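Notes for the one structure printed next.
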Amino acid sequence: MKIKILMVCLGNICRSPLAEGILKSKLDANKYTVASCGTSSYHIGSKPDLRSIAIGAKYNIDITNQRAAQFTIDHFKVFDHIYAMDNSNYQNIIKLANNDQDKNKVKLILDELYPNNNLDVPDPYYGGEQGFEDVYQMLNKACDSIVNTLEELY
Ligand code: 4NP
């Protein structure tokens, strides 16, 4: 059975699609499944934001085939590790957890780099291009750390 990792943001069009694409590029697809979704229903079925597609393409990460989906309680059954992009997403996921086993799957993604600092990956949606570059750099570092964590675990 593959190890399954889920990246979660609000809309599933800016941050978590990039996080999915970046982590996928660093892991063996035979061993790991990586997916993403959003806590909101705002963009269900949409392609990633063009600015996320562009910053991904700059670093050879193709996210054009992704389509936005909403987080549901069923995701707890499927996924082993759930990474929230910010504290608001984290709280919205935790609200849906059935038990401690579910809760223990959920982590703030930047806690991988800065444990217990509770830092957010800032929402770049209403900002400019630089915001997407900043998000990419943060997620790339966080995903390197996730790879190390996973290699220790499995
Ligand atoms: P994301 O960014 O959560 O990184 O996908 C957002 C995308 C859309 C909205 C908010 C954040 N929105 O309000 O539509």
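These values consider heavy atoms only, across backbone and side chains, with no hydrogens, waters or symmetry-generated copies. For ligands, and for the atoms within them, numbers begin at 1 and follow the listed sequence. All residue numbers refer to positions in the sequence shown, counting from 1. What you are looking at is a predicted structure, and each value in this text was computed from that prediction instead of being measured.
No hydrogens or angles considered: nothing links the side chains of Asn89 and Asn92 as a donor-acceptor pair under 3.5 Å.
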Tabulate distances under 3.5 Å between N/O atoms of ligand 1 and N/O atoms of the protein, writing both atom names on each line.
{"from": "ligand 1", "atom 1": "2 (O)", "to": "Asp123", "atom 2": "OD1", "distance (Å)": "3.3"}
{"from": "ligand 1", "atom 1": "3 (O)", "to": "Leu10", "atom 2": "N", "distance (Å)": "2.9"}
{"from": "ligand 1", "atom 1": "3 (O)", "to": "Gly11", "atom 2": "N", "distance (Å)": "2.8"}
{"from": "ligand 1", "atom 1": "3 (O)", "to": "Arg15", "atom 2": "NH2", "distance (Å)": "2.9"}
{"from": "ligand 1", "atom 1": "4 (O)", "to": "Arg15", "atom 2": "N", "distance (Å)": "2.9"}
{"from": "ligand 1", "atom 1": "4 (O)", "to": "Arg15", "atom 2": "NE", "distance (Å)": "2.8"}
{"from": "ligand 1", "atom 1": "5 (O)", "to": "Gly11", "atom 2": "N", "distance (Å)": "3.4"}
{"from": "ligand 1", "atom 1": "5 (O)", "to": "Asn12", "atom 2": "N", "distance (Å)": "3.2"}
{"from": "ligand 1", "atom 1": "5 (O)", "to": "Ile13", "atom 2": "N", "distance (Å)": "3.0"}
{"from": "ligand 1", "atom 1": "5 (O)", "to": "Cys14", "atom 2": "N", "distance (Å)": "2.9"}
{"from": "ligand 1", "atom 1": "13 (O)", "to": "Tyr126", "atom 2": "OH", "distance (Å)": "3.4"}
{"from": "ligand 1", "atom 1": "14 (O)", "to": "His43", "atom 2": "NE2", "distance (Å)": "2.8"}

Solution key, residues 147-154 side-chain donor-acceptor pairs under 3.5 Å, sequence neighbours excluded:
{"from": "Thr149", "atom 1": "OG1", "to": "Glu112", "atom 2": "OE1", "distance (Å)": "2.9"}
{"from": "Thr149", "atom 1": "OG1", "to": "Ser145", "atom 2": "O", "distance (Å)": "3.1"}
{"from": "Tyr154", "atom 1": "OH", "to": "His81", "atom 2": "NE2", "distance (Å)": "2.6"}

Discussion item. Evaluate Asp134 against Gln130 for side chain to side chain donor-acceptor pair (under 3.5 Å), listing each step before the verdict.
Written reply: CA-CA 6 Å; Asp134 295 345; Gln130 187 60 42; 2.9 Å; yes
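Taking 4.5 Å as the limit, some side-chain heavy atom of Leu10 sits within range of a side-chain heavy atom of Tyr42. By the 4.5 Å heavy-atom criterion applied to side chains, His43 and Asn12 are not counted as neighbours.
The number of heavy-atom neighbours closer than 6.0 Å to OH of Tyr59, taken from other residues, nucleotides and ligands shown, is above 12.
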